[in-house]
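Right, one structure below, let's go through it.
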Amino acid sequence: MSDSDRRGTEVQIESGDGAFSAYLARPAAGHGPGVLVLQEWWGLVPQIREVCDRLARSGFVALAPDLYRGDATTDPDEAGRLMMALEIERAGRDLEAAAETLRRQPETDGASIGCIGFCMGGQLALQAGCLRPDVSAVVDCYGVHPNVTPDFERCRARVLGVFAEHDDFISPEDVARLEAALEAAGVEAKLKTYPGVQHAFLNDARPDVYDAKRAVEAWRDIEAFLRAELC
């Protein structure tokens, strides 16, 4: 999709750590539930903007904050460096500022919002659900970040987990530990592992891992979950 085909706009978010940019996509109906969209370790790249556009086409107001504040890459080594250099406390404040910005949009319906994240963003989506009581629905898509440890005792959101059977970053044991931690904290969650796919199987900009069939299935599950929790 070219930039001219996009339905969203670049916006600025003010925070105590200085302004940062975000991509905001609005539904054709003019209003809908709000969903934060959190990036993979690559940054706020065109594929994440397309996720916002996709959600907007499905009736959501979608906002993707630039958590790297201008940095992005296609190189895995650089992506790993950027992920590990992310200031987690500042990123948490950015998430809170982004949530406030999304809620204040005149197009955003309801008092609560959702949050979906991918890879690094999946773990940060869980963190957002613990930081913000107004985040009532979290979708964690194969989330991983070794420096992010959500306090699930503070989580008031329901959680949908999207995982891959053949994931080099997240083992079945990791998924089981996450499920146990959520259950112990009383968080209502459904974690689903999709067979035959790899980490980042939803990323259609990466033909090496993208799986069209399972992506259709997972997006159907994701959108149904978000509608059930937010609409």
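For the single chain, residues carry numbers from 1 onward in sequence order. No experiment lies behind these values; they were computed from the predicted model shown.
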Are the side chain of Arg49 and the backbone of Leu44 linked by a donor-acceptor contact shorter than 3.5 Å? yes
For the CG atom of Asp211 and the CG atom of Leu202, what is their distance to the nearest 0.5 Å? 9.5 Å
Does some side-chain heavy atom of Asn147 sit less than 4.5 Å from a side-chain heavy atom of Met84? yes
Between Phe60 and Val37, is a side-chain contact (heavy atoms from CB on, under 4.5 Å) present by the stated rule, with each step listed? CA-CA 11 Å; Phe60 299 95; Val37 179; over 6 Å; no
Going by side chain to side chain donor-acceptor pair (under 3.5 Å), name the pairs with one or both residues in residues 109-129, residues two or more places apart or in two chains. His31-Asp109, Ser112-Ser136
If you look only at distance, which donor and acceptor atoms sit under 3.5 Å apart when one is on a side chain in residues 180-193 and the other is two or more places apart or in another chain?
| unit_1 | atom_1 | unit_2 | atom_2 | d |
| --- | --- | --- | --- | --- |
| Glu188 | OE1 | Arg158 | NE | 3.3 |
| Lys192 | NZ | Glu217 | OE2 | 3.1 |
| Lys192 | NZ | Asp221 | OD2 | 3.0 |

Salt bridge present between Arg54 and Glu223 (N-O < 4.0 angstrom): yes
Would you confirm whether Thr108, through its side chain, and Leu102, through its main-chain N or O, come within 3.5 Å as a donor-acceptor pair? yes
Can you tell me how far apart CD1 (Ile116) and CG (Leu160) are? Round to the nearest 0.5 Å. 8.0 Å
Pairs involving residues 58-74, ordered by first then second residue, that meet salt bridge (Lys or Arg N to Asp or Glu O under 4.0 Å) (sequence neighbours left out): Arg69-Asp94
Could you tell me if the side chain of Ile113 sits less than 4.5 Å from the side chain of Val35, heavy atoms only? no
For Ser171, enumerate each residue passing the side-chain hydrogen bond (donor to acceptor under 3.5 Å, both in side chains) test, keeping only those at least two apart in sequence or located in another chain. Glu173, Asp174
Hey, does Leu86 have a side-chain heavy atom less than 4.5 Å from the side chain of Val148? no
Does any pair with a residue in residues 87-142 pass ring pair (Phe, Tyr, Trp, His ring centres under 6.0 Å), and if so which ones, sequence neighbours excluded? Tyr142-His199, Tyr142-Phe201
To the nearest 0.5 Å, what is the distance between CE (Met83) and SG (Cys119)? 6.5 Å
Is Arg214 reaching over with its side chain to a backbone N or O of Pro195, donor-acceptor style, under 3.5 angstrom? yes
Are any of the side-chain heavy atoms of Arg93 and Asp17 separated by less than 4.5 Å? yes
Asn203 vs Tyr210, side-chain contact (heavy atoms from CB on, under 4.5 Å): CA-CA, chis, key distance, verdict: CA-CA 6 Å; Asn203 190 337; Tyr210 177 62; 5.8 Å; no
Applying salt bridge (Lys or Arg N to Asp or Glu O under 4.0 Å) as the test, list every pair that has at least one member in residues 124-134; sequence neighbours left out. Glu96-Arg132, Glu100-Arg132, Arg103-Asp134, Arg132-Asp134
